[in-house]
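What follows is a set of notes on a single structure, which appears directly below.
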Amino acid sequence: MLRIWGKQPLHGQVKISGAKNSALVVMAGTLLCSDDCLLRNVPSLVDVARMGDILSALGVKIQRQGDTLAIDASHIGQSEAPYELVSQLRASFFVIGPLLARLGSARVPLPGGCAIGARPVDLHVRGLQAMGADVQIEHGTVFASVRGGKQRLQGARIYLDCPSVGATETLMMAATLAEGETILENAAQEPEVVDLANFCRAMGAQIRGAGTNTIVISGVPRLHSTDYSIIPDRIEAGTFLVAGAITHSEISLLSVVPNHLNAVVAKLRAMGADVVADAPDQLRLIPNRQYRATDIKTLPFPGFPTDMQAPFMSLLTLSEGNSVISETVFENRMRHVAELSRMGADITVKSNLAIIRGVPTLSGAPVVATDLRASAALILAGLAADGVTTIQELQHLDRGYDNLEGKLQGLGAKLMRVAGEATAPEPNAVEAAVSAVTSGAPLTGLP
Ligand code: EPU
């Protein structure tokens, strides 16, 4: 459980870690390579460890030193990903493309739905079929093999019904080793897709157009070893920008790509905050005393990211006026609303729309994190709220934020992990704990 003592100002600098959603897919992408690869700037996350377990189960050798992973996929032992591991991490479905491209067959259990929606994989499957794969789904597992007993997939022209990040990545990886040219139309343009393309190119793949809606891949027979650094996490960066805004604190973010944050920065400016670039990889949040309401619609990149919807909602709850958030990417990504309401937020949800009426203050309360980005939203709300907020179900947070509470502590926030139930501690214990956290003295009187 995480306990947060709200209303503490933040100050200073924070270094943003490597992007979770790049690291996960690039790790799967190492399966394409019959040499070893070095991945740098890999964030320290439970999801990254789980992807490592899946690769290990396939026979890959992985060593971690600091933020660097040495991955040797020269001897893949098998083409079947174990269900116990796949069920814990949706992104593990990514292994299907590289396994099929490299070994000619793959068996990967369907990842199933998750807390934010059904999340089907039909676009991945249809694209692989268009590239010459026989795909059968039986007993919850996808069996895919190259049709006609051939070794290599065939290039194809594939139109994606929606610009799915995962399907674009699966098909791009599969196409790197296919025979001939693959054209992906209506492809996702997210920075993580571009990062994967750059990683594959560093291994010798021929890919053009990543970052636009048409990606062209000319297959090559094999890929070679590389040393590659993962891009910074734009969602972690966006979360810290909101942390500065919601606590009315000027903070600086190091190691960011400002262009990846344009939509989030535009909305912060529309609300009355400012964001300035002090260096090409450095942003500073300049807060305001009061923020204006604004409307948000989540969209594929370069639109406003769905992964920032929940964190941004926390800021909107405290702005002046009414805001409407329209979530268009996932069908069930509003579960944080009930928890924010427990803290005094005034939000009405109708299907995928949230109508937020700004309130002057939030009040600390025991709340439960329902998914990864919801946990960030509740932490942000707790930083701004009066009194103490306790957040349960931190396993969601640990999946996708690299030491968020340590980084917030470094900026002066008062929060700590504690064992036990989410009952509110005695007021005098809170004061003692706040001053102990401030002074570094041992904590007493807390459960
Ligand atoms: N979709 C389909 N069929 C498919 C694939 C997707 O209908 O075959 C639908 C999905 O159900 C969803 C929409 O298309 O409604 C968009 O899904 P997309 O495939 O783009 O998302 P994803 O690849 O499953 C990645 C990130 C998510 C992020 C989304 C959107 C990874 C590991 N995950 O998911 O990250 O929200 O793109 O940007 O890259 C997170 O980090 O918290 C997270 C959920």
Side-chain angles (χ1 to χ4, degrees), residues 17-29 43 45-48 50-51 54 86 88-97 108 110-130 135 137 142 158-173 184 186-196 213 230-231 233-239 260 263-264 298-312 327-333 335-336 352 369-377 396-402 404:
S17 299
K20 167 179 84 88
N21 290 341
S22 273
L24 293 174
V25 70
V26 166
M27 285 173 77
L45 304 170
V46 169
D47 273 7
V48 164
R50 285 180 179 156
M51 184 58 100
I54 287 173
V86 174
Q88 291 174 30
L89 175 67
R90 272 194 63 82
S92 56
F93 192 74
F94 284 140
V95 299
I96 196 165
V108 185
L110 284 168
C114 76
I116 60 176
R119 303 183 79 179
V121 289
D122 54 316
L123 300 176
H124 304 236
V125 168
R126 271 193 269 144
L128 292 173
Q129 285 170 328
V135 184
I137 302 178
V142 181
I158 301 166
Y159 175 84
L160 295 173
D161 288 347
C162 72
S164 155
V165 175
T168 302
E169 292 170 339
T170 289
L171 301 176
M172 187 162 70
M173 288 189 282
L184 299 178
N186 199 25
Q189 302 175 44
E190 268 66 4
E192 294 76 18
V193 171
V194 178
D195 206 30
L196 175 66
N213 62 5
I230 302 292
I231 55 167
D233 195 309
R234 64 195 166 101
I235 306 302
E236 184 194 3
T239 303
H260 294 172
V264 170
T298 65
L299 289 168
F301 192 86
F304 190 91
T306 172
D307 295 342
M308 279 303 297
Q309 182 256 109
F312 223 87
E327 170 58 61
T328 76
V329 179
F330 289 109
E331 66 273 19
N332 188 22
R333 213 173 196 184
R335 291 174 68 201
H336 43 284
N352 68 339
T370 49
D371 66 70
L372 168 60
R373 306 303 171 188
S375 60
H396 296 296
L397 178 73
D398 295 335
R399 279 189 39 217
Y401 281 93
D402 186 350
L404 183 61

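When a ligand or atom number is given, it counts from 1 through the structure's own listing order. Here, residue 1 is the first one in the sequence, and each next residue gets the next number.
- Heavy atoms of D122 found under 4.0 angstrom from ligand 1 belong to the backbone as well as the side chain.
- Contacts between A167 and ligand 1 below 4.0 angstrom, taking non-hydrogen atoms only, are absent altogether.
- Taking only nitrogen or oxygen atoms, main chain and side chain alike, L123 reaches within less than 3.5 Å of ligand 1.
- In R373, the part holding a heavy atom less than 4.0 Å from any atom of ligand 1 is the side chain.
- Looking at V329 against ligand 1, both its backbone and its side chain come within 4.0 Å, counting heavy atoms.
- Between D307 and ligand 1, an N or O atom pair is found at a separation short of 3.5 Å.
- S17 approaches D402 most closely through the heavy-atom pair OG-OD2, 3.0 Å.
- In E192, neither the side chain nor the backbone holds a heavy atom less than 4.0 Å from any atom of ligand 1.
- The structure places CD of Q88 at 8.0 Å from CD1 of I54, a figure rounded to the nearest 0.5 Å.
- Interface atoms of ligand 1 facing L372, defined by a heavy-atom separation under 4.0 Å, are 42 (O).
- With rounding to the nearest 0.5 Å, the separation of CG in L45 from CG in D398 is 9.0 Å.
- Where the criterion is an N or O separation shorter than 3.5 Å, residue side chain and backbone included, R90 fails it with respect to ligand 1.
- Under 4.0 Å from ligand 1, heavy atoms of V165 appear from its side chain as well as its backbone.
- Ligand 1 places these atoms under 4.0 Å from at least one heavy atom of K20: 40 (C), 41 (O).
- At a threshold of 4.0 Å, the pair R333-D307 counts as salt-bridged, since one of the basic side-chain nitrogens sits closer than that to a carboxylate oxygen.
- Contact atoms of ligand 1 toward T306: 30 (C), 36 (O) (distance under 4.0 Å to a heavy atom of the residue).
- Rounding to the nearest 0.5 Å gives a distance of 8.0 Å between CD of E169 and CG of N21.
- Considering backbone and side-chain atoms together, G166 places an N or O closer than 3.5 Å to an N or O of ligand 1.
- The shortest heavy-atom distance from C162 to ligand 1 is under 4.0 Å.
- Heavy-atom contacts of H124 reach the following atoms of ligand 1: 8 (O) (cutoff under 4.0 Å).
- Contact analysis puts P120 in contact with ligand 1, with a non-hydrogen atom separation below 4.0 angstrom.
- In terms of heavy atoms, A167 sits closest to L160 at CB-CD2, 4.2 Å.
- Under 4.0 Å is where a charged nitrogen must lie from a carboxylate oxygen, and between K20 and D233 no such pair does.
- Residue R333 places a heavy atom under 4.0 Å from ligand 1.
- With hydrogens and angles disregarded, a donor-acceptor distance shorter than 3.5 Å links the side chain of N352 to the backbone of E327.
- Using the six-membered ring where Trp is involved, F94 and H124 have ring planes that are tilted, between 30° and 60° apart.
- Closest approach of L128 and L171 over heavy atoms only: N-CD2, 3.5 Å.
- The shortest N/O to N/O separation between N21 and ligand 1 falls below 3.5 Å.
- Atom OG1 of T328 sits about 10.0 Å away from atom CZ of F330, to the nearest 0.5 Å.
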